[in-house]
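Read the structure below first, then the notes.
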2 protein chains.
Amino acid sequence: MSKEKNQQTEERILETAIEVFQERGMAATRMQEIADRAGINKALLHYYFRSKQQLFEAVFSKCFMQFAPKVNSIFQSEEPLFDKLYRFADNYITFMLKNRFLVPFIVQEMNNNSEFAFSFLDSVNRPDPTIISGQIKAEIEAGIIKPIHPKQLLLSIFSLVAFPFAAQVLIKGLLKMDDEEFVTLMNERKTLIPDMIKNALKP
Amino acid sequence: MSKEKNQQTEERILETAIEVFQERGMAATRMQEIADRAGINKALLHYYFRSKQQLFEAVFSKCFMQFAPKVNSIFQSEEPLFDKLYRFADNYITFMLKNRFLVPFIVQEMNNNSEFAFSFLDSVNRPDPTIISGQIKAEIEAGIIKPIHPKQLLLSIFSLVAFPFAAQVLIKGLLKMDDEEFVTLMNERKTLIPDMIKNALKP
DNA sequence: TCAAAAATTAACCATTTGGTTAAACCAAAC
DNA sequence: GTTTGGTTTAACCAAATGGTTAATTTTTGA
């Protein structure tokens with residue numbers, strides 16, 4: 001068989017696996033369901049990816065890499081802090097609105113598999129907080145923004161942007177929103193969040 | 001056998017089940033492990049709680065009720081908005097620091113089991129956003145705070161407080177924190193978050 | 001004291017699940 | 001056309017898992 005089809009099949013398996021893993025999470029995912037949805041025999045899964053664990057790791061890695069480099073490039077550019085912030089909120093929310101299960105999946109599996117999570121983060125070109133932390137300190141010293149621990153600021157930004165996706169069902173339930181309203185709200189947040197932080201940090 | 005011991009056993013099972021479910025999540029939890037940790041026979045689990053699903057629902061309900069009424073009472077009191085906010089951040093973070101797995105558990109299981117999640121929320125004395133939403137609108141009209149959609153404000157508050165707990169492992173990994181630093185940061189956030197929001201909403 | 005009721009257990013059971021094996025299939029090279 | 005290599009499948013397998021049953025132990029209350 002040609003290399004072509006080989007790659008195609010592997011690709012189809014991985015894409016299907018991403019779907020199922022994101023929908024159900026690692027623990028609740030069944031190899032059989034992936035095989036069924038991909039229209040192949042279960043044994044073929046093990047032919048391409050040796051085990052459930054390895055398939056999961058391929059899925060996780062691909063998912064993580066779908067947004068990490070982008071975040072990285074924004075945070076490591078030369079722009080002023082607030083420009084980065086607007087760009088980040090916009091890009092991140094836009095992307096996550098198209099990939100609704102991504103954040104919950106990453107968050108959940110990191111929590112449930114922390115040994116793997118840490119070794120994965122160490123092996124990967126992950127967003128590096130030192131550069132932007134330096135920038136935050138510099139802008140504080142320059143009097144552009146109020147003093148704040150850089151990690152607190154970063155944590156707040158991530159929280160404001162990511163939590164609504166991470167806790168989608170809870171939030172919709174508590175605030176009595178349907179999906180349409182949720183999307184509207186998240187679109188507003190592309191500017192609302194940076195505006196809010198800008199205001200909060202006004203010296 | 002006395003009603004006493006009955007209650008005691010049921011209580012011990014439930015407490016153990018809370019531990020295991022929070023550690024592993026519904027899908028990865030094994031009835032056998034709960035039985036082992038509780039020092040009883042597996043059949044006894046089914047004697048008190050008919051099935052894994054029912055045990056899970058008891059666990060989930062008890063966990064949810066550990067904090068929902070408190071949040072409720074704070075948000076529905078007569079205080080000014082910012083007083084509530086300070087009280088909420090302080091109480092919530094203090095409690096979650098002592099129950100590290102609670103938020104991730106609730107968030108994860110609501111996501112993975114949304115049919116159950118919604119019917120549960122409907123059946124329960126959940127935090128009701130209408131009251132505090134009214135208050136927010138009133139304080140906007142009184143010129144105390146800037147205009148903002150009440151749901152956006154509530155969503156932001158929840159995000160800032162809850163996300164670090166929900167995504168603990170991811171956050172520690174990205175920001176390179178050990179647990180000690182995490183605790184320090186979260187303690188600072190008891191006032192940092194309300195301060196930040198207060199500033200952001202200054203008219 | 002002793003029989004009935006409740007609690008607890010050991011042994012089972014059916015099904016599900018991740019994973020394996022050996023055979024079949026199929027495109028291409030010779 | 002036949003061999004050869006990787007690809008795909010049907011059939012299996014052993015372990016794990018949620019759940020049940022029937023018997024045993026403990027408690028109760030008359």
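Note that this is a predicted model, so its numbers are computed, not measured. The sequence lines fix the lettering, A, B, ..., with proteins before strands; numbering per chain opens at 1.
Using a 30° and 60° split on the angle between ring planes, A:Phe75 and A:Phe158 fall in the tilted class, from 30° to 60°.
Counting to the nearest Å, the C1' atom of C:dG18 and the CD atom of A:Gln54 are 14 Å from each other. Between the CD1 atom of B:Ile13 and the C1' atom of C:dT8 there is a distance of 10 Å, rounded to whole Å. Distance CD (B:Glu10) to C1' (C:dA6): 14 Å, rounded to an integer number of Å. Rounded to an integer number of Å, the gap from B:Gln8 CD to D:dT27 C1' is 14 Å. Across the protein-nucleic acid pair, B:His46 atom NE2 and C:dA7 atom C1' stand 16 Å apart, rounded to whole Å. Distance A:Arg24 CZ to C:dT17 P: 11 Å, rounded to the nearest Å.
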With side-chain hydrogen bond (donor to acceptor under 3.5 Å, both in side chains) as the criterion, how do B:Thr94 and B:Lys190 come out once you've worked through the C-alpha distance, each side chain's angles and the decisive distance to 0.1 Å? CA-CA 8 Å; B:Thr94 300; B:Lys190 291 175 185 172; 3.3 Å; yes
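At least one donor-acceptor pair closer than 3.5 Å links the side chain of A:Arg126 to the backbone N or O of A:Leu121.
Residues passing the ring pair (Phe, Tyr, Trp, His ring centres under 6.0 Å) test with A:Phe21 are A:Phe56, sequence neighbours excluded.
For the OP1/OP2 pair of D:dT8 and a distance below 4.0 Å, the side-chain nitrogens and oxygens of A:Tyr48 include at least one atom meeting the criterion. Regarding contacts with the backbone of C:dA7, every side-chain N or O of B:Thr9 stays at 4.0 angstrom or more from both OP1 and OP2.
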Without placing hydrogens or testing angles, list every side-chain donor-acceptor pair under 3.5 Å for residues 60-69 of chain A, not counting sequence neighbours.
unit_1  : atom_1 : unit_2  : atom_2 : d
A:Lys62 : NZ     : A:Glu11 : OE2    : 3.2
A:Lys62 : NZ     : A:Glu15 : OE2    : 3.1

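Under the 4.0 Å criterion applied to side-chain N and carboxylate O atoms, B:Arg189 and B:Asp90 are not assigned as salt-bridge partners.
Using a 4.0 Å cut-off on heavy atoms, the residues of residues 25-45 of chain B that approach DNA chain D are B:Thr29, B:Arg30, B:Met31, B:Lys42, B:Ala43, listed by number.
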